[in-house]
Number of protein chains: 2
Amino acid sequence: MSVRRTSQREIILQELQKSRQHLTADQLFRVVRKKMPRISLATVYRNLELLSETGLIAKLEVSGRQRRFDSEVVGHDHVTCVQCHRVENVFLEGMKEDCPSHGVVDGYTIKGRRLEFFGLCPRCQKKNKVPKGDATMGCGCGCAKKMLTDEQKMVLQAMADFHGPCVAKDIAAATGLEAKLVTGKIADLKKQGFVDSPVRCKYGITADGRTAIKG
Amino acid sequence: MSVRRTSQREIILQELQKSRQHLTADQLFRVVRKKMPRISLATVYRNLELLSETGLIAKLEVSGRQRRFDSEVVGHDHVTCVQCHRVENVFLEGMKEDCPSHGVVDGYTIKGRRLEFFGLCPRCQKKNKVPKGDATMGCGCGCAKKMLTDEQKMVLQAMADFHGPCVAKDIAAATGLEAKLVTGKIADLKKQGFVDSPVRCKYGITADGRTAIKG
DNA sequence: ACCTAACTGATAACTATTACTAAATCAAGC
DNA sequence: GCTTGATTTAGTAATAGTTATCAGTTAGGT
């Protein structure tokens, strides 16, 4: 026998496909841990490696510190937002001829290529346009992470550890902070784009939020 | 005052430019240490960072574990050899129009792009063609590093620590191995492409060789 | 010559990933 | 269904590359 079907492996693949984002091992670990609290980070790494070997997912190696994984395997390229580090797919037309992924270049036998664009995602562009009087706002120079207070970070972290949307009371309980204080923090974080409210009175952490607290 | 001119900084820049390769911080550290034995690895990192901020050199972020630095800053792309991890420059014609480095893609404001090709360098292609009977040969699957014996590694390391070409006797002295044995090792390593002989009877480590012992 | 911000070497700390271990688990064959 | 053994797991240690810290040194303006 060779490759087995384990519940861990199944959930990892499933959650990566469900997210439709380019998650890092760490981000995926957090998501998967919601469904399987005792799973180990090492297991996530092992399975991502194995799944990418079998071709079920793609290992990205985009720029930045961490490796990312993609559930879409068909040929496409990527854009990285230089501010929030979000990575998205790009399908470019009429590129294949001029930017070949096979052939010979300078004596090298080309087996593949990688194309990555850098820029500002629509969300960050909008964020940067906000008048600078707002003290809780990111400064537009990519240092938003550093501007989070410890309490804001606590709130974000608690929200990240929740699976699905939660109310302010949940966060107050998880962080030990006063409920009124938490409500204020959430409002600030929402303005900064780190938190959104999918349902009225319920809140969830955004991809930006995750980026802001870790990686 | 802001940025000072220090001898460390000068040598780092000078050696990177002289090498005309895409060195890792570690590789450059070894080269620089020949001229300035007490320099610290942290200083190398610090200055590479600073030099790339001022635009004098380029920080690469090609795929692979280590970051590499390039003394050529003008727009060009890179090829990475999937076997020996050598990185070289590529200047593609007629690419600018179809593979733009500025503009708007899917709502992102593009500030730059990175294009990396993967393939086999001419040297590795040639290496792979050698009949497989040769036991000292790399297996062509990228695992050449693991096939080095401890003694071969010692020889390579000693050669790396030498600045410029050296004779077998130097290596024997540095490693403590018998001179006759060293001669044999050098011959093997030369066949594998880890050592070359710029001058008759003098030997030097190649980029492949450096890769083979570290990163 | 003096002063001080910028810099250095040495080393600890950190982050992302991989390796290792004993224990648990899947699935093939009875 | 039970046995069996290779695969996989959780937990943790180890590693590689890089960054941070810090006390002492130095460049370069005054």
Side-chain angles (χ1 to χ4, degrees), chain A residues 1-13 22-30 32-54 57 59-69 85 87 143 145-146 157 210-215, chain B residues 1-13 22-30 32-54 56 59-69 85 87 142-143 145-146 153 157 210-215:
Chain A
M1 42 190 127
S2 67
V3 177
R4 282 191 192 159
R5 203 191 62 78
T6 67
S7 50
Q8 287 87 340
R9 189 125 68 220
E10 215 162 50
I11 292 187
I12 288 168
L13 179 57
H22 302 80
L23 300 179
T24 62
D26 183 74
Q27 290 173 326
L28 188 52
F29 173 55
R30 290 187 198 199
V32 168
R33 199 164 42 169
K34 301 292 163 342
K35 302 223 158 167
M36 184 175 273
R38 298 189 56 79
I39 199 171
S40 153
L41 177 58
T43 303
V44 174
Y45 271 105
R46 225 184 296 115
N47 282 300
L48 285 173
E49 186 61 38
L50 202 146
L51 287 167
S52 74
E53 269 166 27
T54 63
I57 64 172
K59 188 158 34 161
L60 279 197
E61 303 233 41
V62 289
S63 79
R65 218 135 223 266
Q66 294 170 87
R67 190 170 296 159
R68 285 170 186 274
F69 295 85
H85 302 115
V87 176
C143 69
K145 179 184 175 183
K146 296 199 170 140
Q157 189 61 62
R210 288 185 198 280
T211 308
I213 50 174
K214 190 74 181 292
Chain B
M1 40 187 133
S2 67
V3 177
R4 282 188 192 163
R5 204 189 62 77
T6 67
S7 49
Q8 287 87 340
R9 186 125 68 222
E10 213 161 53
I11 292 186
I12 288 168
L13 178 57
H22 302 82
L23 301 179
T24 62
D26 183 74
Q27 289 173 326
L28 188 54
F29 173 55
R30 291 189 197 199
V32 168
R33 201 164 40 170
K34 300 294 164 337
K35 303 224 157 167
M36 185 175 272
R38 299 189 54 81
I39 199 171
S40 154
L41 177 58
T43 303
V44 175
Y45 271 105
R46 229 183 288 122
N47 281 301
L48 286 173
E49 186 61 38
L50 203 147
L51 287 167
S52 73
E53 268 166 28
T54 62
L56 274 170
K59 186 160 31 163
L60 279 196
E61 303 232 41
V62 290
S63 79
R65 246 190 135 98
Q66 292 171 89
R67 191 169 296 160
R68 283 169 186 277
F69 296 85
H85 303 114
V87 175
C143 67
K145 179 184 176 183
K146 295 197 172 143
K153 276 188 214 153
Q157 188 61 62
R210 288 185 198 278
T211 307
I213 48 174
K214 190 74 181 293

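Quick note: numbers below take in every heavy atom, side chains included, and nothing from hydrogens, waters or symmetry partners.
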side-chain contact (heavy atoms from CB on, under 4.5 Å) assessment of A:Arg67 paired with A:Leu60: CA-CA 6 Å; A:Arg67 190 170 296 159; A:Leu60 279 197; 5.8 Å; no

Measure the distance from [atom1] on [X] to [atom2] on [N] and round it to the nearest whole Å.
X	N	atom1	atom2	result
B:Leu48	C:dT8	CG	C1'	15 Å
B:Glu49	C:dT8	CD	P	14 Å
A:Glu10	C:dC26	CD	C1'	13 Å
B:Leu50	C:dT8	CG	P	9 Å
A:Phe29	C:dT18	CZ	P	16 Å
A:Arg67	C:dT15	CZ	C1'	13 Å
A:Arg68	C:dT17	CZ	P	10 Å
B:Arg9	D:dG28	CZ	C1'	13 Å

Residue A:Arg65, side-chain atoms from C-beta onward, closest of C:dT17, C:dA16, D:dT9: C:dA16

Minimum-distance nucleotide to A:Arg5 side chain [options: D:dT18, C:dT17, C:dA27]: C:dA27

Contact nearer the 5' end of DNA chain C, comparing A:Lys59 with A:Ser7: A:Lys59

N/O donor-acceptor pair, side chain A:Arg38 with base D:dG11, under 3.5 angstrom: no

Base of D:dT7 paired with side chain of A:Arg4 (donor-acceptor, under 3.5 Å): yes

Does a side-chain N or O of [X] approach OP1 or OP2 of [N] to a distance below 4.0 Å, or not?
X	N	value
B:Asn47	C:dT8	yes
A:Thr6	D:dT9	yes
B:Tyr45	D:dT18	yes

pair B:Asp26-B:Arg30: side-chain heavy atoms closer than 4.5 Å: yes

Geometric cation-pi criterion B:Arg33 and B:Phe29, 6.0 Å radius, 45° cone: yes

Gap between atom CG of A:Leu51 and atom CD of A:Glu53 - 0.5 Å precision: 9.5 Å

Nearest-0.5 Å distance that lies between atom CD in B:Gln66 and atom CZ in B:Arg68: 6.5 Å

Sugar-phosphate only, base, or nothing, as touched by A:Gln8 at under 4.0 Å among non-hydrogen atoms: sugar-phosphate

